[in-house]
Amino acid sequence: MPAFALVDCNNFFVSCERAFRPDLENRPVIVLSNNDGCVISRSEEAKSLGVGMGVPFFEIRPLVAEHKIVFISANHELYVDMSRRVANVLTRHAPVVENYSIDESFLTFPDDDGLYERARAARAEIRKWTGLPVSIGLAPTKALAKLGSDKAKKNGGVLSLLDAALRERILDETPVTDIWGIAKRSALRLAPHGIRTAGEFMRARDSLILSVLGIGGLRLAHELRGTSCLNLVAAPPERQSITVSRSFGAPVHSLAALQSALAVFAARAAERARRHGLRAGEVNVHLGRREGDRQLYDGDSIRVPPTCDTPSLIKTAKALAEKIYVEGRAYKKAGIVLSGLERADVSQAEFFDDGQTERSQRLSGAVDRINASIGSGALRYGGETASKGWGSRCETQSPCWTTRWEDLKAVRAAM
DNA sequence: TCTGGGGTCCTAGGACCC
DNA sequence: TCTGGGGTCCTAGGACCC
């Protein structure tokens with residue numbers, strides 16, 4: 001029978017930091033989001049002190065001080081590179097690998113022969129080559145493999161749910177919110193029907209599930225029963241959108257500052273589009289502010305002739321900003337979303353091409369290459385001025401141990 | 001007076017994920 | 001005072017068409 005494995009890096013961001021800082025082992029450690037705003041990764045020690053996922057940092061400052069919790073500002077350059085290293089090891093262990101997120105991969109196998117031993121071997125090899133601890137779940141469907149990897153964290157690292165009887169027992173003691181794809185809202189709608197555990201959900205009538213949660217919920221129920229509905233996506237589908245957005249270190253009031261931030265975001269977004277060989281047919285710009293508990297957005301979109309050209313996207317972003325900007329508002333956040341993406345190489349012929357396109361593509365390509373070799377942001381377009389009045393706060397960030405020569409770790413060996 | 005039925009496309013918002 | 005960033009999918013409702 002075909003089988004799936006989910007490989008999940010434990011406390012990924014914290015583990016990446018620990019890989020280069022052994023002194024952080026056995027201590028409570030957390031990693032903070034942009035602006036040191038929220039907690040986005042926690043070591044087991046930090047979890048047991050009661051630090052929740054996603055809680056605002058300022059709320060737990062006293063707890064941090066009391067227990068000497070180590071806090072680190074996120075270093076995504078490092079995490080992306082570590083993720084790539086894990087993926088490299090995995091390709092040696094399975095015929096098909098889907099890199100589902102920065103810290104999770106689905107593997108698929110034609111049959112489940114000796115799968116448990118193979119999973120243990122993969123886990124040991126990842127530890128050896130990257131220093132990262134992973135948990136692996138084995139099962140006949142993706143949703144079950146995911147559940148398996150969660151349970152594996154407290155079960156020696158590898159858990160097989162290939163056996164139906166064991167599966168049912170575990171589902172019966174699992175709250176329905178622990179299922180991948182079911183969160184608070186859905187749980188609230190299921191509760192009146194007496195569905196609180198994953199087991200109860202799995203055994204519920206199809207018609208009931210369909211009416212309460214829709215087609216996605218029904219697929220999930222089938223997955224839990226052992227019928228695979230979510231296929232492995234080896235070649236990731238074309239992405240639907242590209243977003244670059246940031247919260248500001250302090251509220252921003254002026255249009256000029258918002259435009260300078262958006263110019264930088266537009267340049268990043270354009271660069272990403274080019275890296276994926278895509279052009280955007282629609283640009284959205286939004287400005288976020290806070291009113292009490294609520295996040296409010298002023299935003300607007302515009303269709304454009306498909307492009308991945310930095311200057312033209314900067315121009316569009318600035319124009320949109322001007323259109324939606326309201327004087328006197330304290331903006332906390334801004335972003336740009338590129339959508340209507342199409343492959344750059346199969347674009348329709350450009351009827352109105354005035355010869356600028358090719359020149360501008362060559363220029364963009366050169367800028368990308370220079371930035372890739374020297375460091376992101378080394379070369380900028382006009383309008384992409386350095387952050388003035390909208391920069392991020394970031395107290396403590398680790399060096400880019402694996403991606404920058406100047407950050408390479410020095411090791412001294414005593415003979 | 002009587003006001004169909006089926007379809008598509010688009011958009012905004014909800015819900016969820018990591 | 002201080003609350004991330006980047007995504008996906010689904011649904012409902014409106015506009016429009018024949």
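By convention in this document, chain letters (A, B, ...) are assigned in the order of the sequence lines, proteins followed by strands, and residues within each chain are numbered from 1.
Distances shown here put every side-chain N or O of A/S245 at or beyond 4.0 Å from the OP1 or OP2 atom of C/dG4. Under 4.0 angstrom from either OP1 or OP2 of C/dG4 there lies no side-chain N or O belonging to A/R246. Under 4.0 angstrom from either OP1 or OP2 of C/dG4 there lies at least one side-chain N or O belonging to A/S247. Not one side-chain nitrogen or oxygen of A/R185 sits closer than 4.0 Å to the OP1 or OP2 atom of C/dT11. Phosphate contact (OP1/OP2 of C/dG5, side-chain N/O of A/N34, threshold under 4.0 Å): present. The phosphate of C/dT3 has neither OP1 nor OP2 within less than 4.0 Å of any side-chain N or O from A/R289. The shortest distance between the side-chain N/O atoms of A/R219 and the OP1/OP2 oxygens of C/dC10 is below 4.0 Å.
When heavy atoms are screened at a 4.0 angstrom cut-off, A/V55 is found touching no nucleic acid atom at all. Contacts of A/Y100 with the nucleic acid, taken as non-hydrogen atoms under 4.0 Å apart, involve only primed sugar atoms and P, OP1 or OP2. Within the 4.0 angstrom heavy-atom criterion, no nucleotide atom of any strand lies near A/G216.
Set against B/dC18, C/dT3, C/dC9, the side chain of A/Q240 has C/dC9 as its closest nucleotide. Candidate nucleotides C/dT8, C/dT3, B/dC17 were compared by shortest atom distance to the side chain of A/R290, and C/dT3 ranks first. Considering only the side chain of A/K333, C/dG5 comes nearest among C/dG5, B/dC18, C/dT3. With B/dC10, C/dG6, C/dT3 as the choices, the nucleotide that has an atom nearest any side-chain atom of A/P56 turns out to be C/dT3.
Base pairing analysis places B/dG6 opposite C/dC17; the two distances defining the Watson-Crick or G-U wobble pair are each below 3.5 Å.
Map A/I242 and A/C38 each onto its nearest nucleotide of DNA chain C; the residue landing nearer the 5' end is A/C38.
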